[in-house]
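The structure appears right after this line, and notes come after that.
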Amino acid sequence: MPNAATTPAAEAQAATQPEQQAPAQEPDWKAEYDKLKVQARKWEDRAKSNYEARQRLDEIEEASKTEAQKQADALAKAQAKLAAAEARASILEVAAAKGIPADLLTGPGDDPEGYADRLAAYIADKTPAAPAAGRHINSAATPERPATLTIDEQIAAAEKAGDRAAAMRLKAVKLGTKKQ
């Protein structure tokens, strides 16, 4: 009579234990590499033949185009060039008006690190140098301006001098003193 503790599940588990203890065979990596290399060469050859076939097809299509189709294609290319030139001119106009290098207005494109470097160089050029050692600047001091100038005249003078920070500060003062 079979033991009551022995169940079909226990027998199945006992049967699989010797199989799990057997060492697994490691695959032949060189053979796998060679097999994959052959497949890669096959796909490379197919890609080359597809490229050559595509070039022949393009030549045939170009030869079979009517004169109107050729002119329409030329017109589309010219319009694309015009749009690109207009966009570039717009960027150059804004850059000249704002005093910013045009390459900073175009954004990072495919090279965000290079863009960041150009931006950092531009900012470093515009940042005033630190005062010399031993020289103290009184930050509470205000620039000397005759009291007879109106706020608008002071703003104009600061803009003419290229002092954008002073012009912005004066404009803020002007906005703060307006009657509500």
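We use all heavy atoms of the structure for the numbers below, so side chains are in, but hydrogens, waters and symmetry mates are not. Note that this is a predicted model, so its numbers are computed, not measured.
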What distance do Lys174 atom NZ and Arg169 atom CZ have between them, rounded to the nearest 0.5 Å? 16.0 Å

Contact check, side chains of Arg164 and Glu159, non-hydrogen atoms, under 4.5 Å: no

When you group the ILVMFWY residues by side-chain heavy-atom contacts below 4.5 Å and let the links chain together, are Ile155 and Val173 in the same group? yes

Are Asp45 and Arg41 within salt-bridge range, i.e. N to O under 4.0 Å? no

Can you tell whether the side chains of Lys81 and Glu86 come within less than 4.0 Å, N to carboxylate O? no

Can you see which heavy atom on Ala158 is nearest to which on Ala166, and at what distance? CB-CB, 4.1 Å

Decide whether Leu92 and Val94 are clustered together by the hydrophobic rule: side chain heavy atoms of Ile, Leu, Val, Met, Phe, Trp, Tyr closer than 4.5 Å, transitively. no

Glu44/Lys48 salt bridge by N-O under 4.0 Å criterion: yes

Treating Gln69 as the side-chain partner and Thr66 as the backbone partner, does any N or O pair qualify as donor plus acceptor under 3.5 Å? yes

Could you tell me whether Lys65 atom NZ has more than 12 heavy atoms of other residues or ligands within 6.0 Å of it? yes

For the atom pair CG (Leu175) and CD1 (Ile151), what is the distance rounded to the nearest 0.5 Å? 10.0 Å

Hey, could you give me the NZ/CG distance between Lys171 and Asp152, rounded to the nearest 0.5 Å? 10.0 Å

Report yes or no: does Glu153 contribute a side-chain atom to a donor-acceptor pair with the main-chain N or O of Thr150 at less than 3.5 Å? yes

Side chain to side chain, Glu59 and Glu62, heavy atoms closer than 4.5 Å: no

Could you give the distance from CG (Asn50) to CZ (Arg54), rounded to the nearest 0.5 Å? 11.0 Å

